[in-house]
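One structure is given below, encoded as structure tokens.
Order of the sequence lines sets the chain letters (A, B, ...), proteins ahead of strands, with each chain counted from 1. All of these numbers come straight from a predicted model, not from anything done at the bench.
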Amino acid sequence: MKEDFDKPYDPKSAEARIYQLWEEGGFFDPDKLKTDKKKKTYSILLPPPNVTGSLHLGHALNATVSDILIRFNRMTGKKTVWLPGIDHAGIATQNVVEKELRKQGTSRYELGREKFIERVWQWKEQYGSIILDQFKRLGASCDWSRLRFTLDEKYADEVLKTFVHYYEKGLIYRGSRVVNWCPRCRTSLSDLEVRHEETKTKLWYIKYPLAIKNAELRMQNYIVVATTRPETMLGDTAVAVNPSDPRYKNLVGQKVILPIQNKKIPIIADRNVDKDFGTGAVKVTPAHSFTDFEIGEKNGLEIVEVIGQDGRMTELAGINFAGLKIDEAREKIVQELEKEGLLEKIEDYNNYVGHCDRCNAVLEQLISPQWFLRMDHLKDFAVKIVRSGKTKIIPKNFEKTYLSWLNNVRDWCISRQIWWGHRLPVYFCEQKTEEFTVSLAKPDKCPICGNCKMKQSEDVLDTWFSSALWPFAALSKKDLQDFYPSQVLITARDIINLWVARMIFSGMEFKSETPFEKTLIHATILTKDGKRMSKSKGTGIDPLILIDNFGADALRFGIIWQSMGNQDIRFDETAVMAGKKFANKIWNATRFVLQNAESKAGGKDSKSKPKTPADKKVLDKLQKAKKSVEKDINSFKFGQALHKVYDFFWHDFCDVYIEKSKKQSGDKTFIFFILLESLKLIHPFMPFVTEEIYQKIKPKGSAKALMIEKWD
RNA sequence: GGGCGUUUAGCUCAGUGGUAGAGCGUUUCAUUGACAUUGAAAAGGUCAGAGGUCCGAUCCCUCUAACGCCCACCA
């Protein structure tokens with residue numbers, strides 16, 4: 001026993017063995033543990049990582065924080081579960097597999113839908129659980145028997161039911177409207193999947209001649225519009241000015257000639273037009289702009305689609321332009337306008353151009369038939385529950401992010417034209433191809449024409465539509481009773497709207513209750529010089545390498561040591577090294593205790609009473625630290641808690657008490673008791689080393705594992 | 001354009017309306033008996049700048065600057 005401690009602590013040999021011990025002991029599964037039925041249950045749902053993902057420091061922070069809460073609460077005797085899962089991550093996963101196919105010289109189109117999906121499943125089987133193994137290496141005490149995947153049959157059922165429910169309630173509708181479109185992924189996107197990037201571009205001032213018969217006069221009478229996208233003018237169906245703009249008052253109602261297309265389009269007045277931008281007159285392209293689409297609807301304008309789903313100009317753009325890429329078309333248009341003397345001037349301009357969040361392609365706004373979830377009713381739920389304080393967002397200032405998004409949200413485009421995901425439970429009639437029926441299963445007989453076989457919609461749902469159901473769709477019927485709502489959702493700030501808000505209104509709609517009592521928005525981990533960590537820039541740090549070098553406990557220590565609140569963390573590796581030293585310190589202190597406290601004393605005897613003043617003092621310090629740590633954990637001050645744990649053990653216990661005990665003779669069972677209590681205190685933060693020690697020194701009759709010891 | 005956050009020791013960060021704290025780093029000394037992944041101690045800060053409130057401000061208020069983040073259909 002004592003000999004085990006002759007060498008320094010070696011995390012590598014201990015961690016895998018200890019994790020196995022926990023898993024095989026069934027200690028992660030609350031149904032296999034004795035729990036205190038009088039206490040409220042405690043549950044956390046793991047934000048399901050993407051199947052495409054590999055562990056980064058953000059996950060490590062999230063998992064460590066969650067694990068501290070779970071381990072702490074489990075030790076207090078509450079029925080506690082941490083439920084893990086994986087997200088199918090529609091576009092992200094599809095893109096990864098497509099990339100692989102490209103390497104093999106083929107494509108999803110060549111394979112066809114069915115074969116392609118098979119390939120993605122294969123890929124999922126191969127890589128799907130890799131990231132979860134990485135969570136295990138961190139020591140995450142998830143109940144793996146409850147693992148869920150968002151495309152599991154049961155989960156998928158729940159998703160489709162939700163769709164049908166919303167549809168029957170009139171909250172889901174189909175419409176041909178302008179959407180964000182990624183020409184690379186060939187799918188629509190929701191507003192939240194658009195990343196705006198500042199782009200240096202030009203503002204072209206183009207003359208639109210008034211439609212006067214006299215050709216000479218025409219060249220002198222024109223209206224100038226300013227645009228960043230001259231190529232879309234091929235689809236213009238009006239010029240708009242602000243109704244209160246005196247410059248254009250007389251022109252409203254007249255017509256101009258759209259250059260190149262040579263077609264008459266009206267000058268209209270619309271309040272959405274900003275008098276101060278450009279010339280105060282704008283071209284209106286209802287097919288390729290959200291604003292213009294609205295203006296077009298109000299004024300009954302014609303819609304001319306000049307950009308296709310492949311991101312190239314369509315035939316409607318004219319024979320000279322059809323098939324050209326956007327920038328080719330732009331260049332050609334500008335040349336032509338110049339030739340005709342219709343270009344007044346060009347200015348430099350900084351614009352925010354929408355990019356695909358997943359593949360970074362420049363997005364187009366174009367019209368396509370899509371499915372939308374009405375937000376007006378659902379958002380009210382989500383606003384109310386947070387305003388009333390029934391769901392708390394911590395830190396509180398993020399409530400502003402949340403509320404301001406909800407208050408300005410547009411209907412959610414939930415359909416995607418990719419293949420990997422939940423296919424819409426919508427069946428179209430083969431005769432009247434625009435008519436459809438919505439139902440969970442394919443109808444035996446077409447209710448529309450009465451005899452066709454019907455064709456299921458090709459579209460799949462936005463991944464976030466299914467993620468939004470996670471808090472209840474991931475739970476079994478029994479678990480719903482025990483664990484809904486969960487106590488706290490722990491996540492990063494960039495998905496407050498994308499995910500948190502949508503979970504909240506989904507939970508309200510289907511369970512009439514918030515899915516979690518609190519949302520904890522944890523810090524973002526940055527590089528040491530304050531830059532965002534990113535794989536592509538090579539600024540990321542791989543947590544697994546840190547675990548290999550220093551041990552999982554050391555990594556957990558290092559991350560939490562720096563987690564003092566919502567302050568973003570500039571990651572400092574020396575904190576991880578400090579963690580490694582601390583693990584070793586605990587190890588060595590144990591060696592000393594074993595050498596001195598000969599009688600390991602039975603479990604009960606170990607609760608000896610303090611005898612000397614030093615005993616009393618260290619006990620007092622321990623109890624104070626414990627109370628303080630409890631308080632900090634419960635208020636999510638993890639860094640503060642860890643500092644106290646560290647201070648107590650290193651300084652009060654080792655530097656003072658152990659040093660003193662060297663000079664103090666007599667009964668030394670008390671020091672053993674303090675050591676055991678310290679292990680409990682440290683365990684939520686550094687589970688491996690504490691468990692490893694506990695397994696070696698635990699008195700007869702004590703718990704099978706430290707992780708299920710009683711906190712008090 | 002709108003919103004938010006940060007600025008304290010060489011580095012990463014705590015903290016308080018009334019002598020400024022930790023880890024790492026640096027310096028000195030100690031130690032062959034738990035641990036050199038050690039112990040004891042020291043040096044090191046006009047708490048971003050300006051103004052205000054107060055007996056007193058690093059802390060509260062206003063402004064400025066730098067950095068960072070989120071949101072956004074002004075073409």
Side-chain angles (χ1 to χ4, degrees), chain A residues 2 5-6 8-9 178-180 191-192 194-196 203-204 225-230 232-233 236 239-240 242 272-285 288-295 349-352 354 363 365 395 397-405 408-410 492-497 521 523-524 526 528-532 550 554 557-558 561-596 637 639-640 642-644 646-647 650-651 654-655 658-659 661-662:
Chain A
K2 253 189 277 176
F5 292 88
D6 285 349
Y9 173 60
V178 170
V179 292
N180 303 297
D191 297 332
L192 287 174
V194 179
R195 226 189 36 255
H196 295 92
L203 199 52
W204 285 272
V225 298
T227 181
T228 55
R229 300 208 57 188
T232 63
M233 71 179 287
D236 283 1
V239 165
N242 192 291
N272 279 333
V273 178
D274 179 356
K275 283 188 279 190
D276 298 325
F277 183 88
T279 58
V282 299
K283 54 194 269 326
V284 181
T285 325
H288 300 292
S289 148
F290 285 100
T291 323
D292 294 3
F293 182 78
E294 262 173 47
I295 295 178
Y349 189 71
N350 276 0
N351 198 17
Y352 290 83
L363 298 180
Q365 295 176 5
N397 51 298
F398 288 117
E399 283 182 7
K400 219 164 183 174
T401 307
Y402 172 91
L403 291 172
S404 72
W405 178 71
N408 297 301
V409 70
R410 291 190 297 200
R493 72 174 67 117
D494 38 326
I495 50 178
I496 291 176
N497 300 327
I521 307 297
T524 304
L526 308 170
K528 200 165 176 181
D529 45 347
K531 298 268 154 57
R532 217 188 162 70
F550 305 108
F557 179 101
W561 186 257
Q562 293 180 275
S563 303
M564 303 306 291
N566 54 321
Q567 164 90 298
D568 281 347
I569 296 169
R570 295 187 175 199
F571 190 72
D572 186 0
E573 201 171 291
T574 63
V576 181
M577 294 193 252
K580 185 179 179 179
K581 275 162 68 172
F582 188 47
N584 195 51
K585 185 78 176 175
I586 304 167
W587 186 258
N588 285 314
T590 305
R591 182 192 307 166
F592 175 85
V593 172
L594 289 186
Q595 281 172 4
N596 290 273
K637 291 167 140 182
Q640 285 85 344
L642 180 57
H643 278 75
K644 283 165 191 165
Y646 178 91
D647 270 355
W650 199 298
H651 299 120
C654 293
D655 293 347
I658 286 188
E659 288 308 317
S661 84
K662 286 178 183 170

So what does [X] touch, heavy atoms closer than 4.0 Å: a base, only the sugar-phosphate, or nothing?
X	result
A:R410	base
A:L526	nothing
A:T228	sugar-phosphate
A:S404	nothing
A:W587	nothing
A:Y349	sugar-phosphate
A:D276	nothing

[X] side chain near [N] phosphate (N/O to OP1/OP2, under 4.0 Å):
X	N	value
A:Q640	B:G15	yes
A:K581	B:C24	yes
A:K662	B:A34	yes
A:K275	B:A75	no
A:N588	B:U37	no
A:W650	B:G23	no

Does any N or O in the side chain of [X] come within less than 3.5 Å of the main-chain N or O of [Y], such that one atom is a donor and the other an acceptor?
X	Y	value
A:N408	A:S404	yes
A:Q365	A:V178	no
A:Q562	A:F571	no
A:Q640	A:M564	yes

TODO: Hunt down any stem RNA chain B takes part in, defined as 3 or more consecutive Watson-Crick or G-U pairs whose two distances are each under 3.5 Å.
DONE: B:1-7 with B:65-71, B:10-13 with B:21-24, B:26-30 with B:38-42, B:48-52 with B:60-64

Which nucleotide in the list [options] gets nearest to the side chain of [X]?
X	options	value
A:Q562	B:U12, B:C73, B:A34	B:U12
A:T291	B:C73, B:A34, B:U37	B:C73
A:R493	B:C73, B:C69, B:C35	B:C69
A:D655	B:A72, B:A40, B:A22	B:A40
A:D572	B:A72, B:U37, B:U12	B:U12
A:A589	B:A22, B:C74, B:A34	B:A34
A:N497	B:C71, B:G23, B:C13	B:C71

Task: Same-atom distance (P) from B:A57 to B:G51, integer angstrom - done: 13 Å

Task: Atom pair distance, as rounded to whole Å: CD1 in A:I569 and C1' in B:G23 - done: 14 Å

Task: Nearest-Å distance for atom pair NE2/C1', residues A:H643 and B:A22 - done: 6 Å

Task: Rounded distance [0.5 Å steps], CD1 in A:I586 versus OH in A:Y646 - done: 10.5 Å

Check nucleotides 1-8 of chain B for protein N or O atoms closer than 3.5 Å to its own N or O atoms and list the pairs.
unit_1, atom_1, unit_2, atom_2, d
B:C4, OP1, A:K400, NZ, 3.2
B:C4, O2', A:N397, ND2, 3.3

